[in-house]
Amino acid sequence: MVTMKLIVLLLLCCLLSSSSADDTVVTKRRFPKNFKLGVANAAPQIEGAWDTDGKGETIWDHFARTRPEMISDRSTPAVACDSYHKYKEDVALVKNMGLDVYRLSIAWSRVLPTGKIDSVNQLGVQYYKKLLKELKDNNVQAMVTLYHWDLPQPLQDEYGGWLNETVVDLFVDYAKLCFELFGDDVQWWVTINEPKQVCNAGYGDGRFAPGIVSRGIGEYVCNKNVILAHAKAYRIYDEQYRSKQGGKVSMVIDTLWFEPSSDNPGDIDASERLLQFGFGMFGNPIFLGDWPKLVKDRVAMRSKLEGFAVSRLPEFTQEEIKLIKGTYDYLGLNHYATHMASAAQEAPIGEPSFGADISTYEWSKPEWTKGAGDWFSVVPWGLRKLLVWLKKNYGDVEIVITENGLSDTSGTLEDDHRVDYFRDYISNCLDAIYEDNVNLTTYIAWSIIDDWEWTGGYGSFLGMYKVDFNDPERPRIKRKSADYFTQIVKNRCLVDVEDCTD
Ligand code: BGC
């Protein structure tokens with residue numbers, strides 16, 4: 001009887017799936033009926049035209065120009081993919097792939113060169129109007145990020161950027177202007193992309209623009225300000241624009257999955273700490289109203305031992321909690337890789353730092369396939385586990401994967417590794433939907449074309465189309481992954497169409 005059951009189970013398994021190279025059992029099931037697919041990119045990484053038609057300087061323009069040693073190939077985003085001039089070509093690629101959604105970002109300094117509301121640049125406004133119209137004419141939904149790391153440099157010079165609360169209200173002015181000008185053609189808004197990177201790398205360890213080093217303090221001040229900026233912008237949309245424009249607004253939060261390295265409580269706790277100091281730092285305020293308790297307790301404990309009178313993690317007032325709680329219409333997730341998490345000794349008390357506040361050990365298995373960089377471990381099942389963790393923590397909220405994709409350093413057109421990556425990660429998404437009842441509605445890949453990869457310059461590639469950065473015309477050249485992605489969009493299924501099942 002047991003053997004019979006086993007045979008039936010095995011047969012069912014074969015019927016519903018097929019095996020892939022790295023042990024992912026690729027599902028044969030069709031995507032849910034209204035499941036949407038898209039691609040993403042961001043203004044500072046593709047537009048170029050850094051000072052064209054009145055655009056102001058951003059902190060990344062400035063950082064790359066003044067601190068070239070921080071960028072691996074000493075490049076700048078001055079020209080990048082020249083999408084400012086080639087946007088029609090890019091939209092045509094999206095259209096030809098049959099995609100439902102295109103995620104782009106608006107450069108704050110193209111619309112407001114000084115960062116302030118009194119400096120509206122009509123040519124910048126026209127550019128985004130034309131781009132959005134192009135999407136509309138081609139029947140592609142627009143997902144628009146307001147802040148993809150590119151603060152106008154004057155706001156850094158004058159106010160110290162995200163460390164100053166004044167910038168919160170300047171962002172809100174900018175957001176409101178964008179809702180007003182562009183909102184009729186935008187179905188999805190993202191207020192802030194990856195606040196953790198904005199704050200930890202920008203104002204904590206200083207690896208990213210604007211390069212401020214203020215470990216264990218700057219990150220947290222910045223965190224509070226970006227959350228308030230997001231929440232205030234959300235409220236304005238909700239109160240003044242939602243009824244006439246009908247879009248959805250959220251913040252996009254990035255995290256790896258952290259797999260406990262054993263069943264020992266210490267390792268399970270290490271995984272939870274990493275998730276809470278990462279995703280929870282933003283997810284908890286927005287979904288539940290406050291920082292995670294675990295984070296509050298640990299930063300308060302260490303701050304006290306370090307001699308600080310109050311915790312380095314600023315508190316939210318009751319009024320702020322009321323403002324921020326519930327400021328989401330979906331959960332936006334950027335996810336690329338997985339690490340193992342192990343318990344570690346409490347870091348010695350001394351100089352404060354974000355890492356010491358967490359005090360865990362994260363590592364990557366040597367046998368795991370890697371992207372461009374050792375941290376980039378390709379572990380498709382990590383995404384499924386993460387989706388289940390998100391559902392457990394934040395409830396049955398609509399989840400949108402706003403970025404997922406593979407970087408390499410070869411840039412090869414025969415990118416079978418990227419085909420495998422998309423197939424295996426999306427397969428895990430479908431398992432999360434069908435087996436774990438996760439409310440995942442949309443999958444957006446990063447990226448359609450190669451881009452300027454921040455401190456990685458033009459040395460790592462994530463595009464389904466290669467961009468030849470040595471050619472002044474910046475031609476887009478198709479990779480194998482573009483064909484695969486086009487095929488899955490068409491078939492709404494990951495395997496050969498005749499093998500697809502409902
Ligand atoms: C960022 C993108 C970046 C991508 C790949 C994400 O963290 O949002 O701007 O290009 O990772 O490195």
Side-chain angles (χ1 to χ4, degrees), residues 38-48 58-61 63-64 70-73 75-77 80-81 83 90 102-108 143-151 188 190-202 204-205 207-209 226 230 250-257 278-279 281-282 332-339 370-378 383 386 400-409 411 415 417-418 421-422 425 443-467 469 481:
V39 287
N41 54 41
Q45 298 180 269
I46 63 158
E47 278 181 7
T58 73
I59 53 172
W60 277 96
D61 294 327
F63 191 63
M70 300 298 281
I71 313 296
S72 61
D73 57 3
S75 63
T76 75
C81 310
S83 287
D90 291 342
Y102 184 56
R103 179 175 172 222
L104 63 115
S105 86
I106 293 179
W108 186 343
M143 175 181 277
V144 177
T145 307
L146 290 167
Y147 188 76
H148 205 116
W149 307 359
D150 48 352
L151 191 75
W188 309 80
V190 174
T191 52
I192 311 275
N193 178 70
E194 299 195 357
K196 181 180 172 194
Q197 307 306 328
V198 171
C199 295
N200 288 33
D205 61 35
R207 278 179 308 116
F208 281 6
V226 291
H230 154 83
S250 201
M251 183 188 245
V252 158
I253 308 174
D254 65 297
T255 185
L256 307 182
W257 170 247
F279 197 97
M281 201 69 152
F282 306 95
L333 171 70
N334 285 0
H335 172 81
Y336 288 90
T338 282
H339 285 176
K370 304 287 188 310
D374 231 24
W375 71 273
F376 201 129
S377 315
V378 178
L383 175 54
L386 175 59
V400 173
I401 293 181
T402 36
E403 286 181 33
N404 179 240
L406 179 68
S407 64
D408 67 33
T409 49
D415 57 343
H417 49 304
R418 189 165 290 110
Y421 183 100
F422 283 134
Y425 270 82
Y443 174 94
I444 298 179
W446 188 283
S447 177
I448 185 155
I449 52 175
D450 290 340
D451 58 19
W452 188 70
E453 274 293 320
W454 313 107
T455 54
Y458 297 107
S460 80
F461 310 98
L462 290 106
M464 291 186 242
Y465 285 79
K466 170 189 160 94
V467 174
F469 293 106
S481 55

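Start at 1 and go down the list; that is how both ligands and their atoms are numbered.
Side-chain contact annotation: Asn41 with Ser447, donor-acceptor N/O pair under 3.5 Å absent. Neither side chain, Asp450 nor Tyr458, offers a donor N or O lying under 3.5 Å from an acceptor on the other.
Less than 4.0 angstrom separates some heavy atom of Gln45 from each of these atoms of ligand 1: 2 (C), 3 (C), 9 (O), 10 (O). In summary, the atoms of ligand 1 found under 4.0 Å from a heavy atom of Trp454, numbered by their order in the structure, are 2 (C), 3 (C), 9 (O), 10 (O). Shown in contact with Glu453 at under 4.0 Å from a heavy atom are these atoms of ligand 1, numbered in order with element: 3 (C), 5 (C), 10 (O), 12 (O). Near Tyr336, meaning under 4.0 Å from one of its heavy atoms, ligand 1 places the atoms 4 (C), 5 (C), 6 (C), 11 (O).
Side-chain atoms of Ile253 and Lys196, non-hydrogen and from C-beta on, never get closer than 4.5 Å to each other.
Residue contacts with ligand 1: His148 is placed with a nitrogen or oxygen under 3.5 Å of a nitrogen or oxygen of the ligand (distance criterion only).
The disulfide bond (SG atoms under 2.5 Å apart) search around Cys81 returns none, not counting sequence neighbours.
A donor-acceptor pair is defined here as one N or O able to donate and one able to accept, closer than 3.5 Å; no such pair exists between the side chain of Thr409 and the backbone of Ala372. The backbone N or O of Asn193 sits less than 3.5 Å from a side-chain atom of Trp149, completing a donor-acceptor pair.
For Glu403, the closest heavy-atom approach to ligand 1 falls below 4.0 Å. Ligand 1 does not have Asp254 within reach: every non-hydrogen atom of the residue lies 4.0 Å or more from it.
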